[in-house]
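Chain A is the first sequence line, chain B the second, and so forth, proteins listed ahead of strands; every chain is numbered from 1. Here the structure is a predicted model, which means the values were calculated and not measured. These values consider heavy atoms only, across backbone and side chains, with no hydrogens, waters or symmetry-generated copies.
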Amino acid sequence: MDLDFTPGEDAFRAEARGWLAAHVPATPLPSLETAEGFAAHREWERTLSGSRWSVVSWPEEYGGRGASILRWLVFEEEYYAANAPGRVSQNGISLLAPTLFEHGTDGQRARVLPAMASGETIWAQAWSEPEAGSDLASLRSTATRTDGGWLLTGQKTWSSRAAFADRAFGLFRSDPEADRPHRGLTYLMFALNAPGVTVRPIGRLDGKPAFAELFLDGVFVPNEDVIGAPGQGWRVAMSTAGNERGLTLRSPGRFLAAADRLTTLWRERADPSDTALRDRVADAVIGARAYRLFTFGNASRFAEGGDIGAESSLNKVFWSELDIRLHETALDLLGPDGELCDGDGSGDSGWSEGYVFSLAGPIYAGTNEIQRDIIAERLLGLPKGRR
Amino acid sequence: MDLDFTPGEDAFRAEARGWLAAHVPATPLPSLETAEGFAAHREWERTLSGSRWSVVSWPEEYGGRGASILRWLVFEEEYYAANAPGRVSQNGISLLAPTLFEHGTDGQRARVLPAMASGETIWAQAWSEPEAGSDLASLRSTATRTDGGWLLTGQKTWSSRAAFADRAFGLFRSDPEADRPHRGLTYLMFALNAPGVTVRPIGRLDGKPAFAELFLDGVFVPNEDVIGAPGQGWRVAMSTAGNERGLTLRSPGRFLAAADRLTTLWRERADPSDTALRDRVADAVIGARAYRLFTFGNASRFAEGGDIGAESSLNKVFWSELDIRLHETALDLLGPDGELCDGDGSGDSGWSEGYVFSLAGPIYAGTNEIQRDIIAERLLGLPKGRR
Amino acid sequence: MRFLLDAEQTEFTRTLDRLLTAADTPAAVRAWSAGDHGPGRALWERLAATGVFALAVSEEYEGLGPLPVELAAAFVELGRHAVPGPLAETVAVSVLLQRLGDRGPAKEWLPRIASGRAMVTLALSGPYALDADAADAVFHVVDDDLVLADGHGPVRTSLDPARRLARPTGGESVAHGPAVREAADWAAFATAAQALGVGLALAERTVAYAKQRTQFGTAIGAFQAVKHQLADAVIGLEFGRPLLYGAAVALAAGAPDASRNIAAAKVACGESAYAAARTALQLHGAIGYTAEYDLSLWIGKATALRTAWGTPSECRARVLSA
Amino acid sequence: MRFLLDAEQTEFTRTLDRLLTAADTPAAVRAWSAGDHGPGRALWERLAATGVFALAVSEEYEGLGPLPVELAAAFVELGRHAVPGPLAETVAVSVLLQRLGDRGPAKEWLPRIASGRAMVTLALSGPYALDADAADAVFHVVDDDLVLADGHGPVRTSLDPARRLARPTGGESVAHGPAVREAADWAAFATAAQALGVGLALAERTVAYAKQRTQFGTAIGAFQAVKHQLADAVIGLEFGRPLLYGAAVALAAGAPDASRNIAAAKVACGESAYAAARTALQLHGAIGYTAEYDLSLWIGKATALRTAWGTPSECRARVLSA
């Protein structure tokens with residue numbers, strides 16, 4: 001049992017740190033939930049990919065460095081420690097790409113991945129529908145066969161990044177006659193500027209259009225943009241959900257950097273004898289450290305071919321609640337400035353935007369209620385059934 | 001809206017305070033969970049009743065003062081502020097007596113209540129069974145008709161006070177053929193020294209025999225000791241459960257006194273700049289005050305003929321969780337002495353016995369899980385069914 | 001003792017509820033957040049006609065007060081309907097003007113405040129005055145002086161978009177005297193009431209949503225995890241409520257422990273409203289996270305009111321103060 | 001990097017698990033609580049034979065250590081089985097004797113400690129020594145002196161009945177030097193491991209109980225409220241575990257931040273074990289509240305270990321210390 005990095009890993013860290021120090025914008029980019037900020041973040045993706053830092057864990061042929069999960073974790077630590085911009089390509093990289101690696105064709109990978117790596121194509125996810133939040137089996141939007149492809153019709157919502165993104169991916173009901181509701185779904189990719197797509201941005205709590213509704217009216221998708229077999233979309237989508245994704249949805253680097261910034265804020269602002277605040281800051285530091293080490297354990301198990309199944313549910317509940325508590329503590333440390341929104345002028349602390357972002361954590365990617373059910377049923381073996 | 005006491009109520013308070021100051025033992029009685037302590041507490045009940053302080057809210061004919069709920073609350077505040085002994089008659093007074101007032105016969109009341117008021121008869125409750133904790137509808141112990149009465153057979157458990165008490169009351173299945181499981185139950189009283197009763201004391205967490213198992217083997221109960229109609233026991237037991245009992249199970253006086261003692265402990269022991277502890281002490285003070293005022297509101301509503309139904313579930317969750325937090329704070333304030341048991345020698349703080357006692361709060365009298373279900377379903381109208 | 005609202009007080013809250021329901025308050029909130037104060041001012045005038053702003057003003061200055069119980073009941077409704085504007089600040093200014101030595105400014109401003117003709121705000125314990133850009137007068141307190149500001153700095157937005165914060169600048173002292181603590185107490189008291197109302201609205205709306213929203217083939221309100229979160233939210237609020245009215249009774253009686261009672265109410269109402277907001281957000285899921293869905297009007301307000309006019313930490317310290 | 005126990009370490013924990021399962025440890029705990037140390041001492045000797053008490057003792061003194069990873073793994077098992085006795089105290093004495101200047105007492109005591117022939121305890125940061133009545137030697141620390149006590153005060157019982165506390169009295173200094181902080185860190189580290197094991201046992205037992213106990217016609221583990229409480233208990237423990245082993249790795253490396261890592265592990269393991277105890281008690285209901293049911297052996301221990309060798313507050317302060 002050790003926490004040692006190899007000389008190669010240390011060199012990789014040093015290279016990442018050096019590059020980031022030289023390239024991270026001195027002033028924060030505008031919020032990526034604005035048109036201007038989105039463009040700036042896309043440009044940043046191009047800069048990253050120019051030095052092969054945008055998708056370090058991918059094979060080189062698609063723009064990556066073939067880095068191990070451990071190196072990816074190292075990169076993420078350096079990335080957030082450098083206070084580098086949020087990743088506008090996150091949806092594509094963490095949700096679509098793993099699916100393409102596992103279920104896509106060579107042609108799809110060649111067509112999609114390099115453009116994703118460079119920021120040329122920014123992807124939105126299109127999972128949810130108004131009547132199907134966490135319950136994807138009840139999706140209603142349809143994919144109907146047509147000449148050479150499919151026609152998509154229906155409505156998607158909470159499509160993150162869709163206000164400004166280029167393309168989207170999601171599940172559509174292709175066989176309404178299937179014997180069980182989560183069968184008969186097909187996984188498709190489509191362009192957001194295709195005929196028949198209407199994008200209506202939706203403001204999140206602070207008003208910024210962090211997601212959108214998509215209205216689809218006979219949107220044509222060629223067969224080559226179906227991932228996996230038609231009707232197998234549920235299996236395709238789920239197969240990558242619990243595994244590597246459990247490790248990569250939110251890297252420990254984010255929380256380590258946030259806990260460091262919180263500690264700095266506390267040292268600057270707080271009365272050190274105010275133990276109530278001190279304890280909350282300490283808990284953030286402890287939580288970030290625990291998450292880092294937990295992830296190293298999972299990465300070690302994964303590297304040996306172990307499976308990260310229901311344990312990704314432990315992960316999800318832990319980081320999402322840690323994130324909220326950490327940001328609540330920051331707002332309390334800011335005193336009367338704690339309620340001020342970021343992005344409306346000088347003096348942005350960065351904390352309030354982070355706070356609003358954190359509030360979504362327990363909701364998306366499977367609510368924490370569902371994660372706790374999964375922990376209880378799959379990890380602890382408690383009986384299913386009555387909720 | 002006011003919080004004013006009448007001159008009569010003020011005089012009542014002054015009388016109670018004066019009497020308690022003159023009579024409360026200078027040194028705490030031994031734990032009532034021991035034979036010696038039980039006897040001492042029984043003697044204290046006799047002292048109380050000698051001056052008509054044991055059951056102030058009862059009619060005078062049964063040993064009370066016909067006091068209003070408000071006067072009862074005043075008495076309880078004075079009682080606990082005076083650090084007076086725990087009430088060994090609590091089971092009888094708060095559980096059996098309200099049932100007798102509502103469903104008993106004049107003969108039963110005359111026979112049972114004065115002896116309860118004087119401490120001559122101490123009552124244990126006999127609700128639970130090994131396979132029926134919160135789920136009373138699944139009781140299995142039986143009452144079978146016999147000449148002039150009933151024969152009780154079966155096993156009861158978690159019978160509080162039964163290690164040393166005189167008599168017990170509980171529900172028994174008298175009609176195994178009833179169409180629904182909570183029908184066919186009968187409410188009976190029986191002597192713990194009757195032939196066929198075996199009492200096996202059970203130690204609680206700290207080893208003290210706070211309750212017992214009762215093994216019943218053809219225990220004869222005369223018809224006169226059935227309360228209400230045979231087969232109606234469930235209705236008889238439940239009809240008083242949510243109403244006055246919701247107000248009187250744990251009076252605010254207990255928590256006000258405990259919060260005061262906690263504040264004193266904090267002022268003596270804590271570094272005032274230790275805001276983490278300060279906040280927890282403040283929350284105990286706030287909680288006790290909230291519970292007092294909430295109870296005054298309920299008492300006002302009750303005095304006007306209003307119903308205290310599912311609101312007693314709000315009550316139960318609130319005081320039981322307040323009680324634990326308050327005692328946890330006290331143990332933390334005691335530092336290395338916090339883990340010491342009371343009752344094994346000099347230097348008892350009183351806090352650790354109170355802590356152990358508090359831990360039972362969320363479990364007994366309907367677990368807090370059940371109370372939350374009741375709040376959600378009856379108070380908020382959420383759909384029943386899936387748990 | 002009768003620790004319940006009387007029939008008249010209950011009817012007063014019903015009147016406010018009806019008025020604010022009929023007035024499409026959410027639209028006024030959204031306009032206010034966008035810097036258009038017209039609908040909000042119109043709402044304030046209608047509220048003034050019911051006497052809401054006269055409750056902290058004595059008859060000497062054409063008010064009805066001080067009537068802290070009625071004030072609490074009214075401010076709960078204002079919170080329940082997410083009414084925008086410098087509500088607690090109006091109370092604080094009213095108290096300050098009455099308690100400070102100089103009767104001139106009191107006679108100038110109080111009748112207009114009570115009648116709703118003037119909207120006022122102030123900065124007292126913190127740097128910002130709420131809605132300075134909407135107010136007819138912006139005060140700040142410098143030591144024991146009440147200063148009528150001659151302007152304010154740039155307007156910043158809050159996590160509650162209907163709260164717009166700016167620093168008062170300059171101006172001259174209009175009155176002097178040590179009434180700051182008392183004014184801050186009244187503002188904390190009004191804020192506690194408003195927070196309780198915000199929490200109640202969040203709980204009510206979430207209960208209604210849980211009854212109609214289905215997932216996995218059943219109303220989500222049938223899930224025990226949902227039930228228990230809502231039960232906990234309601235427990236918190238229902239034990240905040242008596243603390244609020246207990247503080248009102250203490251204020252009405254001029255009790256020496258009124259300030260401690262207010263602090264207790266502020267902690268309990270503020271924290272339980274914030275907990276209700278977290279629960280509301282969690283149980284609504286993504287739609288609750290959406291600015292265009294009305295729930296967001298209360299979520300941000302619960303966050304802001306938790307710390308406005310006394311953070312939980314400050315209030316807890318006060319509860320234990322001698 | 002390989003942040004996992006290796007096959008040998010895993011096998012070591014399995015050996016301990018088998019040994020302690022076969023030995024009817026609960027009976028030894030109950031005897032210990034009643035002041036009968038015989039079965040507990042016998043258990044200690046069997047544990048010593050596996051090398052448990054040699055892990056903090058260097059080869060110079062006939063030990064195997066220092067092997068903090070193995071120590072952590074072993075103490076998790078000791079906690080899982082509620083093994084009684086001055087476990088963390090033995091570690092602290094071992095560290096102190098090795099670090100203090102004088103080799104005499106080290107040579108006298110350490111080989112006996114490592115082999116299980118001697119059971120020792122000490123009072124260091126608090127007034128009490130655990131199980132002084134069972135120990136062959138009771139130490140206390142006065143300033144920088146390690147004092148071999150010549151007796152102890154009356155034995156008091158703890159909320160964990162298997163912990164028996166007494167104040168060491170009198171005696172003479174046997175060694176001198178500034179190793180107190182290091183010894184306390186090791187004791188906190190061992191306590192964190194033990195607490196984690198206690199929490200794991202509580203969670204395992206409660207999961208098993210929830211599968212077989214029925215109420216309202218269904219296994220209680222099918223109720224969502226039960227599921228979520230258990231999920232939360234397990235989340236707490238599973239994120240305590242890596243902090244514990246992270247601290248072990250830091251100790252093994254002599255890292256300068258080892259003390260802060262230990263403090264983090266102590267908070268997380270202690271608090272999550274206590275939370276698991278509360279959940280275990282709540283979900284078992286009355287039977288969990290019963291001394292004769294074995295669950296009680298772990299419930300009291302979780303309470304005591306939360307504060308032993310560093311309260312949560314002290315540990316949080318240390319986490320943020322420079």
task = Mind ranking C/Ala210, C/Ala219, C/Ser313 by heavy-atom pairs under 4.5 Å with chain B and telling me who comes out on top?
result = C/Ser313

query = Can you say whether C/Arg318 sits under 4.5 Å from chain B via the side chain, the backbone, both, or neither, judging by heavy atoms?
reply = neither

ask   = So which of B/Glu321, B/Glu304, B/Gln371 has the largest heavy-atom pair count under 4.5 angstrom toward chain C?
value = B/Glu304

ask   = If you measure only the distance, is there a donor-acceptor pair under 3.5 Å linking the side chains of C/Arg316 and B/Thr275?
value = no

Toward chain C, the part of B/Ile375 with a non-hydrogen atom under 4.5 Å = side chain

message = Check this for me: does any side-chain nitrogen of one of B/Arg372 and C/Asp232 sit under 4.0 Å from a carboxylate oxygen of the other?
response = yes

request  = List the atom of C/Pro242, the atom of B/Ala290, and the distance in Å for their closest heavy-atom pair.
outcome  = CG-O, 4.0 Å

request  = Can you measure from NZ (C/Lys227) to CD1 (B/Ile374) and round to the nearest 0.5 angstrom?
outcome  = 11.0 Å

ask   = If you draw a 6.0 Å radius around CD in C/Glu8, do more than 12 non-hydrogen atoms from other residues or ligands fall strictly inside?
value = no

task = Please look at B/Asp4 and chain C and tell me whether the side chain, the backbone, both or neither of the residue comes under 4.5 angstrom of a heavy atom of that chain.
result = backbone

query = Where on B/Phe5 is there a heavy atom nearer than 4.5 Å to chain C: the side chain, the backbone, both, or neither?
reply = side chain

key: Atom group of C/Glu271 that falls short of 4.5 Å from chain B, counting heavy atoms   = neither

key: Nearest-0.5 Å distance that lies between atom CZ in B/Arg301 and atom CZ in C/Arg2   = 9.5 Å

remark   = To the nearest 0.5 Å, atom CE of C/Met1 lies from atom CG of B/Leu70 at 4.5 Å

message = I need the minimum non-hydrogen distance between C/Val319 and B/Ala282, along with the two atoms involved.
response = CG1-O, 4.3 Å

Taking every non-hydrogen atom, the tightest pair across C/Val249 and B/Asp2 = CG2-CA, 4.3 Å

inquiry  = Can you give me the closest heavy-atom contact between C/Gly246 and B/Leu3, atom names plus distance?
reply    = CA-CD1, 4.2 Å

Chain C contact via B/Glu311 - side chain, backbone, both or neither, heavy atoms under 4.5 Å = neither

ask   = Taking atom NE2 of C/His228 and atom CG of B/Leu382, what is their separation to the nearest 0.5 Å?
value = 10.5 Å

key: Residue among B/Arg289, B/Glu369, B/Arg267 with most heavy-atom pairs under 4.5 Å to chain C   = B/Arg289

note = Turns out that what part of B/Arg292 lies under 4.5 Å from chain C's heavy atoms comes down to neither

key: Whether B/Ser300 side chain and C/Leu4 backbone form a donor-acceptor pair below 3.5 Å   = no

query = Which heavy-atom pair separates C/Ala268 from B/Ile286 by the least distance, and what is that distance?
reply = CB-CG2, 4.4 Å

message = More than 12 heavy atoms of other residues, nucleotides or ligands under 6.0 Å from CZ of C/Arg14: yes or no?
response = no

query = Checking heavy atoms, do the side chain of C/Ala317, its backbone, both or neither come under 4.5 Å from chain B?
reply = both

key: Per-residue contact mode, C/Val207 against chain B (heavy atom under 4.5 angstrom)   = both

request  = Return the orientation label for the C/Phe239 and B/Phe318 ring planes: parallel under 30°, perpendicular over 60°, tilted otherwise.
outcome  = parallel

request  = Calculate, to the nearest 0.5 Å, the distance between atoms CG and CG belonging to C/Leu243 and B/Leu293 respectively.
outcome  = 6.0 Å

query = Has B/Arg65 got more than 12 heavy atoms of other residues, nucleotides or ligands less than 6.0 Å from its CZ?
reply = yes

